[in-house]
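A, B, ... follow the sequence lines: proteins, then strands. Residue 1 opens every chain.
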Protein chains: 2
Amino acid sequence: MSNPLTMKLEQFTRFSIAERARLDALAAHPTQTFATGQVILSEGQKAGSIHLVLSGFALRSKTLQDGSRQILAFLIPGDLCDIEVFVLQGMDHDIVAMERTICTLIPIGEMERLLSEYSTLTRALWWSTMTDSAVLRSRIIGQGRRDARERMAHIFYEVLIRYRMIGQGAGDGYSFPLTQQDLADATGMTPIHANRTLQQLRSEGLVEFAIGRLRVLDADGLKQAARFESNYLHLDRTERDADVSGRAGDLA
Amino acid sequence: MSNPLTMKLEQFTRFSIAERARLDALAAHPTQTFATGQVILSEGQKAGSIHLVLSGFALRSKTLQDGSRQILAFLIPGDLCDIEVFVLQGMDHDIVAMERTICTLIPIGEMERLLSEYSTLTRALWWSTMTDSAVLRSRIIGQGRRDARERMAHIFYEVLIRYRMIGQGAGDGYSFPLTQQDLADATGMTPIHANRTLQQLRSEGLVEFAIGRLRVLDADGLKQAARFESNYLHLDRTERDADVSGRAGDLA
DNA sequence: CGTCGGATTGAAGATACTCAACATGAGTGG
DNA sequence: CCACTCATGTTGAGTATCTTCAATCCGACG
């Protein structure tokens, strides 16, 4: 079966049989399972292997000296936690599992071999890191120029799209195991204000946010509320997000 | 003479004579000069060559439909505007020159050859994009968890450090050709509030901000005011920022 | 049944925004 | 040389958004 990384990268490239097999084989490596709340990688750490999320949900977070925390990104299946190890000396933030999360550990050497062997893969991975950067930029725009409601809607919508990229989130919502406190740390507000903002989105009939799960009731409305601009995700081969209510099946 | 890209990358790697020569030779390519305010690359555009800033000052900016603008990053000599062209279909934001700015245009093919030829360079460039991401993340932290004064101080300090990485900014401040409107767009405030925040930093004796030029009067104070955390820049070979008042000369 | 983490509500206060006026300086045309 | 415009910077006053500090509620779990 196709691993979620393959699925994600296929948004961008069409792989040969050999490349695809090689990529899928990554999931065969030994895995490590992390419990809810467990730290996958902590600031300063430099692991000997690269962590690929196979299933579950994790996030990048940074805690400042005064205790305030900022959530930087969400990691869903198919995301690499730390390709940075290739070149940087250590993590500059933490990665924490928000539900039972399984990672494949890819030895650095193995990854290096893979990259030198298949230049298509190198490009695909590069694409992946570039779109990650684009997501970071879009979040800066959000924090700088969007109000609380728009920011929260934007996060919900972005995660929805990303789930759909790996062929999930079509049914009744998707796994989004955050507390309102976490949500506040992601959007840069206080938990109180996050609560009220959430209530607003609920009352507008856009989303339902039960603990651990988000259900998008009105995707178009949510997109509008977020003032979402689609182009930054650089989806080459997909329908983009014109039809989010649509079929997950034909992404593969 | 060494081009600013070489200088920057040497923060991370030590190059062989051949590699260094090859890298320096990039500056020999045809250049293009942009006037103040001129758009170097605009959203949606996909140029046939990669733009490397040789001298001047530019920024990445994104204008939303409602006219509000967010400045995403500053580009100083040694920065690449659009390595993304390798893998993405086009720019998702604009790049604008803020003073007379000279770019080398490196044909994509040439860059590809360079990368396949010298794996050290590939790594070094990878390091560069990774640190760029780290800067983006730090800005998210800023927008989310720092107040106006801290945000502005942070931007000033970050640019100071980055200038020092390329061996500049030691004397009486550095080129920072922004209006208060631009500063507001970078920090996510209104120009009025940017003005007042700036006045505060001035009255505290931390900086002087004449038009087009920033002078840091009290680097340590500024760092403190920004609640700056040094590690995210991943400076391997330099003194980091322990001694910002110090000597630019021995960076090379 | 009590405790505990999360969610929710209220009210007061701070930070940052809006709107509007005014100052300053560079550049332009009469 | 002066009047004019225009972009930038500055200041004031009123307002909105978001925060702080409480208190309360609720369901899960021992």
Would you indicate what A:Arg202 reaches in the nucleic acid, counting non-hydrogen atoms under 4.0 angstrom: base, sugar-phosphate, or nothing? sugar-phosphate

Would you check, one step at a time, whether the test side chain to side chain contact (heavy atoms under 4.5 Å, CB included) holds for A:Ile76 with A:Gln168? CA-CA 10 Å; A:Ile76 63 175; A:Gln168 293 180 27; over 6 Å; no

B:Met189 has an atom CE; how far is it from atom C1' of D:dT10, in whole Å? 16 Å

Rounding to a whole Å, what distance do you find between B:Gln143:CD and D:dC18:P? 14 Å

Looking across every strand, which nucleic acid part, if any, lies under 4.0 Å from A:Gly212 by heavy atom: base, sugar-phosphate, or nothing? nothing

Roughly, in whole Å, what's the span from CG in A:Leu183 to C1' in C:dG6? 13 Å

Check every atom of C:dT8, D:dC18, D:dT11 against the side chain of A:Asn195 and return the nucleotide holding the closest atom. C:dT8

Ignoring hydrogens and geometry beyond distance, is a side-chain donor-acceptor pair present between A:Asp182 and A:Thr179 at under 3.5 Å? yes

Between the base of C:dG10 and the side chain of A:Arg196, is one N or O donor paired with an acceptor at under 3.5 angstrom? yes

If we ignore hydrogens and angles and just use 3.5 Å, is the side chain of B:Gln70 paired with the main-chain N or O of B:Asp185 as donor and acceptor? yes

So, does B:Gln199 get its side chain near the phosphate of D:dT11, meaning an N or O under 4.0 Å from OP1 or OP2? yes

In terms of the nearest nucleotide of DNA chain C, which residue is placed more toward the 5' end: A:Leu198 or B:Arg149? A:Leu198

Whole-Å distance, A:Gln180 CD to D:dC25 P, equals 18 Å

Does the side chain of B:Glu43 come under 3.5 Å of the side chain of A:Asn231 through a donor N or O and an acceptor N or O? yes

In terms of side-chain heavy atoms of A:Ala148, which of C:dA7, D:dT10, D:dC18 is nearest? D:dC18

Classify the angle between the aromatic ring planes of A:Tyr163 and A:Phe57 as parallel (below 30°), tilted (30 to 60°) or perpendicular (above 60°). parallel

For a quick test of reading the model: is some side-chain N or O of A:Gln181 closer than 4.0 Å to OP1 or OP2 of C:dG5? no

Against the side chain of B:Thr179, the closest entry in C:dC17, D:dT8, D:dC21 is D:dT8

Separation of atom CD1 in B:Ile192 from atom C1' in D:dA13, rounded to whole Å: 13 Å

Could you state the atom-to-atom distance from NE2 of A:His193 to C1' of C:dT8 in whole Å? 14 Å

Give the rounded distance in Å between these two atoms: CD of A:Gln200 and C1' of C:dT8. 16 Å

Expressed in angstrom and rounded to an integer, what is the separation of A:Arg146 atom CZ from C:dC17 atom P? 16 Å

